[in-house]
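The structure appears right after this line, and notes come after that.
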Amino acid sequence: MSDMLYSGRNGGKIKFVKVAVPETLIPNSYASGLVVAWDMYQKFENAMPLYYQEQDWHQLGVDIPE
């Protein structure tokens, strides 16, 4: 697991907390297990073509390079 730092304010003081972040499913990728599972569900269960999936992701603010 990777580590990330988060900050929060507690009575005017800033405290940094180190939390564990799960590894990505595909190395050097932004895709988490949840994203890959959702993509597979759309593709195989809903029979959704890739260009419809790209439109869905674009509406959510995620641009997928071709």
Side-chain angles (χ1 to χ4, degrees):
M1 292 203 157
S2 307
D3 292 327
M4 289 189 80
L5 290 176
Y6 290 96
S7 67
R9 293 184 183 257
N10 186 8
K13 297 180 181 177
I14 296 176
K15 180 179 180 181
F16 289 94
V17 180
K18 199 175 207 181
V19 296
V21 177
E23 294 292 329
T24 57
L25 186 63
I26 302 168
N28 300 321
S29 168
Y30 293 115
S32 67
L34 181 63
V35 170
V36 173
W38 177 249
D39 206 42
M40 291 175 65
Y41 172 76
Q42 285 184 317
K43 177 68 180 167
F44 297 109
E45 189 66 27
N46 295 336
M48 185 178 284
L50 182 59
Y51 60 93
Y52 284 156
Q53 289 177 311
E54 288 175 349
Q55 289 174 359
D56 273 356
W57 287 112
H58 181 71
Q59 288 175 351
L60 294 171
V62 179
D63 290 323
I64 300 173
E66 294 183 16

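Nothing fancy with the numbering, it's 1 onward along the sequence.
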Would you give the length of the straight line joining atom [atom1] of [X] to atom [atom2] of [Y], rounded to the nearest 0.5 angstrom?
{"X": "Gln53", "Y": "Met40", "atom1": "CD", "atom2": "CE", "answer": "11.0 Å"}
{"X": "Trp38", "Y": "Asp56", "atom1": "CH2", "atom2": "CG", "answer": "8.0 Å"}
{"X": "Asp39", "Y": "Leu50", "atom1": "CG", "atom2": "CG", "answer": "7.5 Å"}

Task: Test item: Trp57 and Tyr52 side chains (from C-beta on) under 4.5 Å apart, heavy atoms - done: no
Open item on the list: Please say yes or no: joined through hydrophobic side-chain contacts below 4.5 Å, possibly via intermediate residues, are Phe44 and Val36 part of one cluster?
Closed with: yes
- [ ] Would you kindly confirm whether Val35 and Tyr41 end up in one hydrophobic cluster when ILVMFWY residues are joined by side chain heavy atoms under 4.5 Å apart?
- [x] yes
Task: For Ala31 against Ser29, the heavy-atom pair lying closest together - done: N-OG, 3.0 Å
